[in-house]
Amino acid sequence: MSTFAIIAVPLLAIGLVLLALFYKKKDKNYLIPGLVLFAAGLVNAVIGLSAG
């Protein structure tokens with residue numbers, strides 16, 4: 001398993017938690033970090049799956 005795929009899982013999880021907090025509390029301080037971490041997790045997942 002690639003290191004990128006291993007790193008992608010916690011990034012996706014934290015990003016989803018922050019996005020859920022944004023929708024629950026309507027506080028914009030959770031939106032941008034949540035989107036950034038979720039996007040970074042997606043990029044790492046794609047790189048990890050393509051690298052093998």
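- Hydrophobic clustering, with ILVMFWY side chains joined whenever heavy atoms are under 4.5 angstrom apart, keeps F4 apart from I14.
- Residues A45 and A8 share a closest heavy-atom pair of N-CB, 3.5 Å.
- No continuous path of ILVMFWY side-chain contacts below 4.5 Å connects I47 to L11, so the two sit in separate hydrophobic clusters.
- The hydrophobic cluster containing L35 does not contain V9, counting ILVMFWY residues as joined when their side-chain heavy atoms lie under 4.5 angstrom apart, directly or transitively.
- In this structure, CG on L19 lies 11.5 Å from CD1 on I32, to the nearest 0.5 angstrom.
- Taking CG of L31 as the reference point, atom NZ of K26 lies at 10.0 Å (rounded to 0.5 Å).
- Considering every non-hydrogen atom in both G48 and S2, the closest pair reads O-CB, 3.8 Å.
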- prompt: Stepwise, does the side-chain contact (heavy atoms from CB on, under 4.5 Å) test hold for F38 with L12?
  reply: CA-CA 5 Å; F38 190 74; L12 289 171; 3.7 Å; yes

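- When hydrophobic clusters are built by joining Ile, Leu, Val, Met, Phe, Trp and Tyr residues whose side-chain heavy atoms come closer than 4.5 Å, directly or via intermediates, V17 is grouped together with Y23.
- Heavy-atom neighbours of I6 CD1 from other residues, nucleotides or ligands within 6.0 Å: above the threshold of 12.
- Using a 4.5 Å heavy-atom threshold, the side chains of L37 and L18 count as touching.
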